[in-house]
Amino acid sequence: MKLLLSVWTRLHRPPPLPGARLGSARLGSGAADEALIRGSSPRAAADEALIRGSSPELLRALGSQVEVKTAFITEEEEAALLGELEPGLRKKRYEFSHWDDAIHGYRETERVRWGEACEEVLSRVRSVAFPEGCSLLGPVHVLDLDKTGYIKPHIDSVKFCGSTIAGLSLLSGSVMRLVREDAKNHWLDLLLPRRSLYILRDQARFSFTHEILKDEESVFDGERVPRQRRISVICRNLPD
């Protein structure tokens with residue numbers, strides 16, 4: 001099914017990135033101690049440790065434009081979301097040739113109506129990710145990746161969604177990679193644990209491609225991150 005949301009696929013992949021521990025900068029090195037000094041919470045520092053990049057300058061430049069929030073939903077809330085999504089997803093086949101070649105091994109749908117428990121979760125996502133009064137895209141996008149599936153580097157079309165996307169990760173952890181479109185040596189890797197929320201805003205949305213790595217490439221900071229089936233539940237705002 002062709003969803004309203006279009007993506008522009010970048011057919012070229014970035015050159016091999018530096019080793020996970022060499023030539024990379026990390027948010028959150030010594031984060032817990034630094035958090036106590038700055039007065040921020042250890043939880044926030046732990047979230048920062050889930051983002052690393054090609055340089056400290058890039059990490060500082062993007063700042064709050066890239067966020068990962070661990071344990072954003074509970075096991076019970078994840079089960080509630082899956083309970084509403086699975087009956088519809090089971091009726092679909094996994095596709096291995098996306099209409100614009102951006103995704104491999106996927107099923108997708110859009111959902112407008114949710115039960116009370118799920119609506120409370122989505123309201124929490126919206127309150128954290130979007131400013132009050134922001135016009136949101138009505139349907140929530142749901143993307144189901146097979147264990148062997150992956151998302152190729154792409155930038156979402158500005159015709160159909162605005163400056164911010166926020167996604168819940170269900171069933172499996174994964175690694176998201178952002179690469180600056182006009183400077184391939186500028187990159188970020190995001191570790192997205194199961195039941196976490198990621199948020200991309202502004203320059204991170206418009207100037208960087210994003211992708212979900214294949215299972216065999218799924219490594220963060222030198223550590224293997226096994227990929228299983230992954231469902232993302234994604235909220236977006238409307239373009240200006």
Side-chain angles (χ1 to χ4, degrees), residues 1-9 68-69 71-130 134-152 154 156-157 159-162 164-176 192-200 210-215 218 226-239:
M1 177 181 70
K2 292 186 179 181
L3 298 180
L4 176 63
L5 183 67
S6 169
V7 292
W8 297 335
T9 303
V68 180
K69 297 182 178 295
F72 189 81
I73 60 173
T74 65
E75 293 183 18
E76 292 76 16
E77 289 170 331
E78 180 188 45
L81 289 164
L82 292 171
E84 293 201 29
L85 294 173
E86 288 284 28
L89 290 171
R90 278 198 295 264
K91 297 176 182 178
K92 300 175 179 289
R93 292 183 177 182
Y94 283 105
E95 302 288 341
F96 291 86
S97 56
H98 191 263
W99 59 275
D100 67 355
D101 198 35
I103 314 175
H104 179 86
Y106 74 101
R107 303 185 290 201
E108 64 181 340
T109 188
E110 289 181 333
R111 193 177 183 94
V112 176
R113 298 185 181 279
W114 300 83
E116 182 178 355
C118 295
E119 191 57 57
E120 287 180 2
V121 170
L122 294 171
S123 294
R124 195 161 76 243
V125 169
R126 293 169 183 134
S127 67
V128 167
F130 304 95
C134 180
S135 298
L136 302 179
L137 194 64
V140 174
H141 184 207
V142 178
L143 182 62
D144 179 357
L145 279 184
D146 181 68
K147 175 179 169 57
T148 62
Y150 54 93
I151 302 176
K152 299 178 183 180
H154 70 280
D156 295 333
S157 172
K159 294 180 181 179
F160 301 116
C161 59
T164 303
I165 61 174
L168 293 169
S169 297
L170 312 182
L171 293 178
S172 176
S174 61
V175 178
M176 176 181 284
L192 307 180
R194 182 176 181 177
R195 294 187 291 275
S196 66
L197 174 73
Y198 73 84
I199 305 170
L200 304 180
H210 63 276
E211 60 186 298
I212 295 293
L213 300 185
K214 300 177 183 179
D215 178 49
S218 189
R227 264 280 321 283
Q228 305 297 327
R229 177 190 175 208
R230 174 182 183 267
I231 295 177
S232 51
V233 178
I234 306 167
C235 297
R236 296 176 167 93
N237 61 340
L238 289 169

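Note that the numbering runs from 1 along the sequence shown for the chain.
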Taking atom [atom1] of [X] and atom [atom2] of [Y], what is their separation to the nearest 0.5 Å?
X	Y	atom1	atom2	value
Phe72	Glu77	CZ	CD	8.5 Å
Leu197	Ser232	CG	OG	11.5 Å
Ser174	Ile151	OG	CD1	8.0 Å
Leu81	Ile231	CG	CD1	9.5 Å
Cys161	Leu238	SG	CG	9.5 Å
His210	Asp156	NE2	CG	4.5 Å

Any side-chain heavy-atom pair from [X] and [Y] closer than 4.5 angstrom?
X	Y	value
Ile73	Leu170	yes
Trp114	Val121	no
Val233	Val125	no

For this session: Any salt bridge (charged side-chain N to carboxylate O under 4.0 Å, His left out) involving residues 113-123? Give me the pairs, sequence neighbours left out, ordered by first then second residue.
Result: Glu119-Arg126
[X] and [Y]: which non-hydrogen atoms are nearest, and at how many Å?
X	Y	value
Lys92	Glu108	CE-O, 3.4 Å
Ala129	Ala166	CB-CB, 3.6 Å
Arg227	Ser218	CG-OG, 3.8 Å
Tyr198	Leu200	CD1-CG, 4.1 Å
Pro226	Ser172	O-OG, 3.9 Å
Leu213	Tyr150	C-CB, 4.3 Å

For this session: Using the side chain to side chain contact (heavy atoms under 4.5 Å, CB included) rule, take Cys235 and Leu136 through it: C-alpha gap first, then chi angles, then the decisive distance, then the call.
Result: CA-CA 8 Å; Cys235 297; Leu136 302 179; over 6 Å; no
So, the side chain of [X] versus the backbone of [Y]: is there a donor-acceptor pair under 3.5 Å, distance only?
X	Y	value
His141	Thr109	no
Glu84	Gly115	yes
Glu78	Leu171	yes

Exercise. Thinking salt bridges, do Glu110 and Arg236 make one under a 4.0 Å N-O criterion?
Worked result: no
Problem set entry | Partner residues of Thr148 under the side chain to side chain donor-acceptor pair (under 3.5 Å) criterion, sequence neighbours left out | Asp146
Problem set entry | Any residue meeting side chain to side chain donor-acceptor pair (under 3.5 Å) with Arg107, in chain and number order, not counting sequence neighbours | Tyr94, Asp144
